[in-house]
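Notes for the one structure printed next.
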Amino acid sequence: MKAVPRTPMRVIQKTPRLQPHTTEKHRKDSSEKAKDPVNVFCRVRPLQSEADLTSLRVKNSTTIALNPQDQLLQHHKHNGAQREIQYIFKHVFQPEATQQDVYGSVAQPLVENLLRGRNSLLFTYGVTGSGKTYTMTGNLRHRGIMPRCLDVLFRTISDYQAKKFVFKPDRLNGFEILSEEDALLERQHEMNQRFAGSGRFAFRHKDSDPEIASQASVEPTPLLGLDEDNMYSVFITYIEIYNNSVYDLLEDSGIQKTLQSKIIREDANRHMFVHGVTEVEVKTVEEALEIFQMGQKRKRMGHTVLNAESSRSHSVFNIRLVQAPTDSQGENVVQDKQNITVSQLSLVDLAGSERSSRTKNTGVRLREAGNINNSLMTLRTCLEYLRENQQAASNGMPPKKIPYRDSKITHMFKNYFDGEGQVSMIVCINPRIEDYDENMQVMKFAEMTQEVQIARATPMKTDLGLTPGRRKANKLFKIAVNNLNELGIPEAKDLEVDVGLVYSLGADFPSYQMDSPEAEVKIQELMHYLEQRIEKRKKLRSNLDIKCDSFRQMLMNLDRDNLQLRTELASLKAVYKQERERSAALEKKVRIHESSIDVLNNTLSKRDRQIEELSFKLNEKESQLTQKEHEKEKQKKKFSSKLAVESDKTKREFEHKLREQRAKLTERMRIKDEKLRLVSNILQSEDLPSLPRSQSSEDMLNDKDRGAFTARTESSVPATRTDIYATPRHGAAAANNRHRRSRSAGDKWLEHRAANPVPLGTIMQPYLKNRKSITKLTDMKELTSHGANKYCLVSQEADTDGDVETKLYKGNVIPTCGGGAQVVFNDVECLKQKSPVHSPTRKRPSNGTLSALGGGGAVPSTITSAQDVASRCNLGIEGHSSKKSKI
């Protein structure tokens, strides 16, 4: 047999249930075990306003520096060295720390202890308004420690929970295991109460707060290290300690009734519990939070000066995890109360300490504050005495009596400080300078608490000798059997899986020393251990005999089945040979038919290719025909547009020629009328000298066509009159034709243009150096006062195509003998602006000058424009605004 290594005695189920110890012996046993200090964490609340002064600062992740209040108020006046008090914690959470950070560092190790069967205690401590309740429960957006612990716990044991009422509280801080029939009756009773609307189940969903229940929406990661061969159930209790009295917040009495106070007792394992407290079994996070909200509405809250919703009592929320191993098949719980392991996680939200001088409380509120301060002072005293006793034990001094019973809160958790379990504390700090004195006392209490040592918990693990992993193996075996049944194999129903006893004599042999003062106790424990091994050996031997008999019977059955199978195999071989020959003949026929099918497929593929080629040619011909039709339509449209353009062009040319003929006829009629008027004047005159040869109408028309028509046309009649009548008319202006201005003086231009000319917008612009522009010429002085020797008349009009045409009539300004001046035109410049794109559908504007075009008039003909130029230059030629008849 393989040698079994020795292990410490604590792995074996202890014997206090059979042989109770005294208080001193129990204290000695706890003192000999490994101990851990109380884990104290600090969380700093953010300042409510940026204008608030702070009395502390966080130096690093473990240290806080607290500055005296008088020094903070005068640090601006004195520049000397500041003195500060430093406090060291296991971890310091700064104001920006999240709820997840606090849970991961503080509460998650406690949930792991809960799954391993160890007890844990977590309580928040601080002044009023420092964030204790927010850290423990949180709000809708930021979940606290309590809902996060429940969420992680249920997600870890979700697949391993026992059915409801399999574990039932025995009202003495213990549990008993019900059979499947009794558990079914309890579940039916609960359902009837829920339908009837009576008891605790009637108002669960009525009082459920959707804001608190929605806190379970986050999906945390399940924890590892869970024993998959156990079944688990979760029970919760919620109590409060108000005015040093214990009340059950989950009591079945109505919400409006007064709660009855409870008493604290000690069970058989020396654990303190509240007698008669309501323990509710929950299966989901939502159900647990609904029950918590039901108790929260009964909790006593009050309004004070320092906090609008101040807790007036200490609240304790207990999460109890009950686990027990399953049977050999991994389906049901072993019906043995001794195999149950109960672990507890207590979440305590202590009421805040406060001074009546600051809260201004009176009456009931003052009494509540006094009881709160007394209970906190008792807690501090107990921890201080406990620390002194631990220090005195090493020096051999007698211990002090710790006053646990002076307060309900210390009496309830007496077993944590004197017994086993992990204790953690979160110190909540409000950094305002007004809370400096209270923060100082809280820091001192936290510093003292860290020196208290608590015995490390050693969970009692039962070993029934069953196969580890039997529950998962049985589950996989059932899945495999179901799959075989679906595949049509009926023999799968008769298969059995053996996940029974493991042939081991139990735990390792305990270590012992015969020279210890407790040798008799050790001998008794050793005898009990050997008796258990003997019983285990007998059980294993009987189990081995049963299995050997069953194995022998199974071999005989297999031999008989083997013989039958051999005979069946011989007959099947003959049948197989016949079927093989038949299948060979069928395969030959199949090959012949496949060859003929291949020939037909080749022919079909050739026909398909021919059809594709013909279809392709047909599509090409159709596309060519369509293209020719498009080209034909395109040519038709092209020739139609050309015909329209040519017809429009021809029409414009005919209209232009018609206007020219009309203008010539009009000019000829004017010349004839002028000649008749001259003849009439000659006949009426007294002297009839011979007339000089005058310019014919044809010459005048030719001059007009050449663009040389100037103001001399207007001045020709007076000149003729002067030649006819030998003596000129008195006062007539006489010009000096030989007058020439010195070229060294430079040319000065007088530009006569419209008030609002149309901009040319061309690159080439007319350039006149040293010019003077005018829009009106009504007085002779405007022509002579500027000293100009050049004159330019700017005229703008639209041509026959509707384009802007600008003409510049240039001439010399010649002074007359009478002090006036006349203009002799000697040059005409024509500037045209045409569009580079010819539009055949463009409408031709009506006749009229460009200035009249803006006002709606018609564009005049060439002769009319010449007349207009002559009339506009009348003042410059004659020296007055109207013509005077000369006789």
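Position 1 is the first residue of the sequence; numbering continues from there.
- Heavy-atom minimum distance, Tyr232 versus Lys283: O-NZ, 4.4 Å.
- The structure places OG of Ser346 at 4.5 Å from CZ of Phe413, a figure rounded to the nearest 0.5 Å.
- Once rounded to the nearest 0.5 Å, the distance linking CZ of Phe89 with OG1 of Thr449 reads 9.5 Å.
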I would like to know whether Arg143 and Asp151 meet salt bridge (charged side-chain N to carboxylate O under 4.0 Å, His left out); could you show each step before the answer? CA-CA 11 Å; Arg143 305 189 315 155; Asp151 203 354; 3.2 Å; yes

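- The minimum heavy-atom distance linking Val92 with Thr62 is given by the pair CG2-C, 3.6 Å.
- Between His142 and Tyr134, the ring planes lie perpendicular to each other; the angle is over 60°, past the 30° to 60° tilted range.
- A donor-acceptor pair under 3.5 Å is absent between the side-chain atoms of Asp435 and the main chain of Glu438, judged by distance alone.
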Please determine whether side chain to side chain contact (heavy atoms under 4.5 Å, CB included) holds for the pair Phe93 and Cys42, giving the CA-CA distance in whole Å, both sets of side-chain angles, and the decisive distance to 0.1 Å. CA-CA 6 Å; Phe93 299 99; Cys42 181; over 6 Å; no

Going through the distances and angles, do Phe167 and Phe235 end up as a ring pair (Phe, Tyr, Trp, His ring centres under 6.0 Å)? CA-CA 10 Å; Phe167 300 101; Phe235 293 80; 7.5 Å; no

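- Of the inter-residue distances, the one linking Leu321 atom CG with Arg116 atom CZ reads 12.5 Å to the nearest 0.5 angstrom.
- Taking 4.0 Å as the cut-off between side-chain N and carboxylate O, Glu84 and Arg57 count as a salt-bridged pair.
- Enclosure of atom OH in Tyr385 is not indicated, since only 12 or fewer non-hydrogen atoms of other residues, nucleotides or ligands lie within 6.0 angstrom.
- Remark: Asn373 CG to Arg380 CZ distance equals 12.0 Å, nearest 0.5 Å.
- Here the SG atom belonging to Cys382 is positioned 12.5 Å from the NZ atom belonging to Lys400, to the nearest 0.5 angstrom.
- Using cut-offs of 30° and 60° on the angle between ring planes, the pair Tyr238 and Phe317 is perpendicular.
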Side chain to side chain contact (heavy atoms under 4.5 Å, CB included), that's the test. Do Asp36 and Ile454 meet it? Break it down for me. CA-CA 5 Å; Asp36 296 323; Ile454 304 298; 5.8 Å; no

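- In this structure, Gln323 CD and Ser233 OG are separated by 10.5 Å, a value rounded to the nearest 0.5 Å.
- Under a 4.0 Å N-O distance rule, the pair Glu451/Arg387 qualifies as a salt bridge.
- Other residues, nucleotides and ligands contribute over 12 non-hydrogen atoms within 6.0 Å of the NZ atom of Lys262.
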